[in-house]
Amino acid sequence: MHPERTAEVVEVRPRRGGIVLRLSLVGIGAGQATLVLQARDGGQAQMGLPADNYGGRFQVRIPLDALATACTAWDWIWDLHLNAGTEGEPLQVGRYPDGISGEKDVFRCPAQHAAGVRVQPHCTVSDNVSIACAREEKR
């Protein structure tokens with residue numbers, strides 16, 4: 001069972017130099033939202049991206065170049081939160097629309113590359129969705 005109010009990833013796709021996320025809100029209604037990305041291991045970098053209302057869900061396109069160039073660390077992780085403009089803190093983005101926890105072992109999304117950085121969405125041990133970035137060694 002997942003928390004009462006959640007922002008759930010129902011689809012993640014690599015798309016033309018970006019990552020497209022489709023999100024569904026559970027236990028809360030909102031007409032507009034912003035995806036907030038906070039760099040966990042790369043300093044204080046943060047960015048907000050508008051989430052478009054898409055048939056009762058939200059869709060966000062995350063540009064790879066922005067993810068790859070916002071930090072100067074060797075590797076870092078972007079934690080994702082959805083600010084639905086309602087009372088309370090932004091909701092951490094998770095991956096459990098099928099009601100199954102433990103998605104870490106089954107959630108797969110291909111890595112992409114931008115500005116010499118490998119970018120890969122992944123599911124954490126807490127069933128949250130994050131994006132790992134790592135600089136690639138020059139050969």
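Separation of atoms CG (Leu67) and CD1 (Ile62) is listed at 6.0 Å; rounding is to 0.5 Å. Rounding to the nearest 0.5 Å gives a distance of 4.0 Å between CD of Gln92 and NE2 of His81. Between atom CD of residue Gln38 and atom CE of residue Met47 there is a gap of 10.0 Å, rounded to the nearest 0.5 Å. Atom CG of Leu25 sits about 6.5 Å away from atom CG of Leu91, to the nearest 0.5 Å. Here Arg16 contributes atom CZ and Gln112 contributes atom CD; the two are 11.5 Å apart, rounded to the nearest 0.5 Å. The structure places OG of Ser130 at 6.0 Å from CG of Leu80, a figure rounded to the nearest 0.5 Å.
Note: the hydrophobic cluster containing Val36 does not contain Val12 (ILVMFWY, side chain heavy atoms under 4.5 Å, direct or indirect links).
At least one donor-acceptor pair under 3.5 Å links the side chain of Arg135 to the backbone N or O of Ala73. Judged by distance alone, with hydrogens and angles left aside, the side-chain atoms of Thr6 form no donor-acceptor pair with the main-chain N or O of Glu8 at under 3.5 Å.
Counting non-hydrogen atoms of neighbouring residues, nucleotides and ligands closer than 6.0 angstrom, the CD atom of Gln32 reaches no more than 12 such neighbours.
For Ala51, the side-chain contact (heavy atoms from CB on, under 4.5 Å) test picks out Ala33, Phe58, Val60, Leu82, with sequence neighbours left out. For Arg15, there are no salt bridge (charged side-chain N to carboxylate O under 4.0 Å, His left out) partners two or more places apart in sequence or in a different chain. With sequence neighbours excluded, the residues forming a side-chain contact (heavy atoms from CB on, under 4.5 Å) with Arg22 are Val10, Glu11, Tyr54, Gln59, listed by chain and number.
For the pair Pro110 and Pro121, the tightest heavy-atom approach, listed with the atom from each and the gap, is O-CD, 4.3 Å. Considering all non-hydrogen atoms of both residues, Ala39 and Cys71 come closest at CB-SG, 3.7 Å. Closest approach of Ala114 and Leu64 over heavy atoms only: CB-CB, 3.6 Å. Residues Arg61 and Gly18 come closest through the heavy atom pair NH2-N, 3.6 Å.
Leu37 places a side-chain heavy atom less than 4.5 Å from the side chain of Leu49.
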